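Hydrogens, waters and symmetry mates are skipped; everything else that's a heavy atom, side chains included, is used. For clarity, every value in this text was computed on a predicted model and none was experimentally measured.
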Amino acid sequence: MKTLGKFQKVELRDFWEDEARDFTPWLAQDENIEILSEAIGIDIEIEGKEVPAGSYKVDLVGRDISNNKKIIIENQLEKSNHDHLGKIITYAAGIEASVVIWICKSITEEHRKAIDWLNENTNDDTHFFGIEIELWKIDGSNPAPQFNIICRPNEWAKSVKNASSSSSRDMTEMKSLQLEFWNYLKEYFNQKHTILRLRTPRAQHWYSIAIGKSKFQISLTVNSFQNRLGCEIYIRGENAKKAFSELEKDKDLIEKELGVELSWQELPDGRDSRIIFYGTGSIKDRVKWDEMSEWFRKYAELFYKVFSVRVKKIKS
């Protein structure tokens, strides 16, 4: 007779004794920030730990890969308190952050209301998340983290509130179509039981997929002017050219494994680099959305299988 394991909750302090020495460095690791990214639907890339903000220090500072906006993360392995509420507001102002994430063992009702109030009364470019973290194990397994979103931005309420504002800008028809297509593609991928971790789509011409290492990502792109699709490895940062050269050394074998010839674009006039494969298609042609979604799924999964191992071996 088959038996099932039993969930057991693990005390946070039994695993992370100290927030600054243990939890913050743990969360900053690529594979762990990826868990948080997946939970809230934002492509987070960590840029620094204990970053000065006036006379204070922010636990973690990062950015949203999809729009390059600043993110701050404040960690608290205890119940939320007024001190940390004040800190996240101070840090948000000092860093000029667009996304503020407060992670706690538990968030009190009064602090939940405070975060909801901030989301309702700040501008459309500022977002506050209140998140509770738990650790669970099954029988004698290693503990696994679970991020529970207690407070999040109410995008619909903000858009309604700001609809009559003279500074608000309506989403263009193309942006609206891009968002609709990426949502369609995400649902298609899920129906096909993709191996990829999918994020919340944005109204933009690309859709990012994590590959397991910061500064690297798979990007799916649509160019409606040239009727062109793209699946690429995009490399960012000051070491992008070096990483590009490392991958290019394996060019022949990579292309053999993918079964296609790639466009290797070092982008000498900029800091970043890309390796891309192009296809044909336009999201304006809704009849072919399934066909395009399958093209993206095929090559995104191939890119992940072929590049992820190589990318993880590259020294940052």
S.K.: For residues L135 and F15, report the shortest heavy-atom separation together with the two atoms involved.
M.R.: CD1-CB, 3.6 Å

S.K.: Checking S37 side chain against I33 main chain: does a donor-acceptor pair fall under 3.5 Å?
M.R.: yes

S.K.: Does some side-chain heavy atom of D272 sit less than 4.5 Å from a side-chain heavy atom of F244?
M.R.: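 No - every pair of side-chain heavy atoms lies 4.5 Å or more apart.
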
S.K.: Under a single-linkage definition using a 4.5 Å side-chain heavy-atom cutoff for Ile, Leu, Val, Met, Phe, Trp and Tyr, are I235 and I314 assigned to the same hydrophobic cluster?
M.R.: yes

S.K.: Check whether any side-chain heavy atom of Y278 lies under 4.5 Å from a side-chain heavy atom of L229, and answer yes or no.
M.R.: no

S.K.: Got E232 and T221 here, is their nearest side-chain heavy-atom distance under 4.5 Å?
M.R.: yes

S.K.: Side chains of R152 and I40: closer than 4.5 Å at any heavy-atom pair?
M.R.: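 No, side chains not in contact.
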
S.K.: Determine whether E255 and W264 satisfy the following criterion, side chain to side chain donor-acceptor pair (under 3.5 Å), listing intermediate values before the conclusion.
M.R.: CA-CA 11 Å; E255 292 184 346; W264 296 76; 2.9 Å; yes

S.K.: For the residue pair E31 and W26, confirm or rule out a side-chain donor-acceptor distance under 3.5 Å.
M.R.: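 There is no such pair (donor and acceptor under 3.5 Å, judged by atom type) between the side chains of E31 and W26.
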
S.K.: Any chance NZ of K256 has more than 12 other-residue heavy atoms, nucleotides or ligands included, within less than 6.0 Å?
M.R.: no

S.K.: Identify the heavy atoms of A300 and I218 that sit nearest to each other, and give their distance.
M.R.: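 It is O-CD1, 3.7 Å.
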
S.K.: At their closest point, which heavy atom of N183 faces which heavy atom of P201, and how far apart are they?
M.R.: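 The pair with the smallest heavy-atom distance is OD1-CG, 3.3 Å.
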
S.K.: Is any side-chain heavy atom of I89 closer than 4.5 Å to a side-chain heavy atom of V100?
M.R.: no

S.K.: Taking L267's backbone N and O only, do any of them form a donor-acceptor pair with S273's side chain (distance below 3.5 Å, no angle check)?
M.R.: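 Such a contact is absent between S273 side chain and L267 backbone.
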
S.K.: Considering non-hydrogen atoms only, spot the tightest contact between V222 and I283 and give its length.
M.R.: CG1-CG2, 3.7 Å

S.K.: Looking at K241, I'd like to know if its NZ atom is crowded, meaning that more than 12 non-hydrogen atoms belonging to other residues, nucleotides or ligands lie closer than 6.0 Å.
M.R.: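 Result for NZ/K241: enclosed.
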
S.K.: Tell me, yes or no, whether the heavy-atom count around E238 atom CD, taken from other residues, nucleotides or ligands under 6.0 Å, exceeds 12.
M.R.: no

S.K.: Can you tell me if NZ on K49 sees more than 12 non-hydrogen neighbours from other groups inside 6.0 Å?
M.R.: no

S.K.: Are E291 and K288 within salt-bridge range, i.e. N to O under 4.0 Å?
M.R.: no

S.K.: Can a side-chain donor-acceptor contact be found between D290 and Y184 if the only test is distance below 3.5 angstrom?
M.R.: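 Note: Y184 and D290 side chains meet the donor-acceptor criterion.
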
S.K.: Using salt bridge (Lys or Arg N to Asp or Glu O under 4.0 Å), reason through E78 and K105 one step at a time and then give a plain yes or no.
M.R.: CA-CA 5 Å; E78 303 293 343; K105 178 180 180 180; 5.1 Å; no

S.K.: Look only at the side chain of S141 and the backbone of K137, and say whether a donor-acceptor pair between them is shorter than 3.5 Å.
M.R.: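 Checking the backbone N and O of K137 against the side chain of S141, no donor-acceptor pair under 3.5 Å is found.
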
S.K.: Sequence neighbours left out, what passes side-chain contact (heavy atoms from CB on, under 4.5 Å) with S282? Give chain and number order.
M.R.: N227, K284

S.K.: Check the side chains of W136 and E134 for a donor-acceptor pair under 3.5 angstrom, ignoring hydrogens and angles.
M.R.: yes

S.K.: State whether a side-chain donor-acceptor pair under 3.5 Å links D125 with S98.
M.R.: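 Note: D125 and S98 side chains miss the donor-acceptor criterion.
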
S.K.: Just checking, is any N or O donor in the side chain of E301 or T194 under 3.5 Å from an acceptor N or O on the other one?
M.R.: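 There is such a pair between these side chains.
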
S.K.: Answer yes or no: are there more than 12 heavy-atom neighbours, outside E11 itself, under 6.0 Å from its atom CD?
M.R.: no

S.K.: Mind checking whether L36 and I73 have side chains closer than 4.5 Å, heavy atoms only?
M.R.: yes

S.K.: Using distance alone, with no hydrogens and no angle criterion, decide if Y188 and E294 have a side-chain donor and acceptor under 3.5 Å apart.
M.R.: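 Yes.
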
S.K.: More than 12 heavy atoms of other residues, nucleotides or ligands under 6.0 Å from CD of E96: yes or no?
M.R.: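 Result for CD/E96: open.
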
S.K.: Could you walk me through whether F216 and Y234 satisfy the ring-ring contact (aromatic ring centres under 6.0 Å, His included) test, starting with their C-alpha distance in whole Å, then the side-chain angles of each, then the deciding distance to 0.1 Å, before giving a yes or no?
M.R.: CA-CA 6 Å; F216 297 81; Y234 197 85; over 10 Å; no

S.K.: Between R112 and E109, does any side-chain N to carboxylate O distance fall below 4.0 Å?
M.R.: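 Looking at E109 together with R112, the answer is yes, because their closest N to O distance falls below 4.0 Å.
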
S.K.: Is any side-chain N of the basic residue among R197 and E38 closer than 4.0 Å to the acidic one's carboxylate O?
M.R.: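 A salt bridge is present here (some side-chain N lies under 4.0 Å from a carboxylate O).
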
S.K.: Would you sort out whether K70 and E47 count as a salt bridge (Lys or Arg N to Asp or Glu O under 4.0 Å), showing the intermediate values?
M.R.: CA-CA 10 Å; K70 287 287 185 182; E47 295 185 328; 3.0 Å; yes

S.K.: Does this structure show an ion pair linking D250 with R310, if we count only N-O contacts that are shorter than 4.0 Å?
M.R.: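 Yes, D250 and R310 are salt-bridged.
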
S.K.: So for atom CD, which belongs to E261, do other residues, nucleotides or ligands contribute more than 12 heavy atoms lying within a distance under 6.0 Å?
M.R.: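 Not more than 12 within 6.0 Å, no.
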
S.K.: If you look at every heavy atom in W182 and R202, which pair is closest and at what distance?
M.R.: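 The pair with the smallest heavy-atom distance is CD1-O, 3.5 Å.
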
S.K.: Is the shortest heavy-atom distance from the side chain of K79 to the side chain of T108 under 4.5 Å?
M.R.: yes

S.K.: Between D64 and K69 (side chain of the first, backbone of the second, donor and acceptor by atom type, cut-off under 3.5 Å), is there such a pair?
M.R.: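 Such a contact is absent between D64 side chain and K69 backbone.
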
S.K.: Do W206 and Q178 have side chains that approach each other closer than 4.5 Å (heavy atoms only, starting at C-beta)?
M.R.: no

S.K.: For W102, which of H84, E132, Q76, H111 qualifies under side-chain hydrogen bond (donor to acceptor under 3.5 Å, both in side chains)?
M.R.: Q76

S.K.: Ignoring hydrogens and geometry, is there a side-chain-to-backbone donor-acceptor pair from S293 to W289 under 3.5 Å?
M.R.: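 Checking the backbone N and O of W289 against the side chain of S293, a donor-acceptor pair under 3.5 Å is found.
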
S.K.: Is the closest side-chain donor-acceptor distance between N148 and Q146 under 3.5 Å?
M.R.: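 Their side chains do contain a donor-acceptor pair, which is all the 3.5 Å distance test asks for.
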
S.K.: Hey, is the main chain of K242 close enough, under 3.5 Å, to the side chain of N239 for a donor-acceptor pair?
M.R.: no

S.K.: Please check this pair: side chain of N223 against backbone of Q226, looking for a donor-acceptor N/O pair closer than 3.5 Å.
M.R.: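 At least one qualifying donor-acceptor pair exists.
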
S.K.: Can the ring centres of F307 and F303 be said to be less than 6.0 Å apart?
M.R.: yes

S.K.: Should the pair R13-E19 be classified as a salt bridge under the 4.0 Å nitrogen-to-oxygen rule?
M.R.: yes

S.K.: Check for a donor-acceptor pair, side chain of D59 on one end and backbone N or O of N75 on the other, with a separation under 3.5 Å.
M.R.: yes

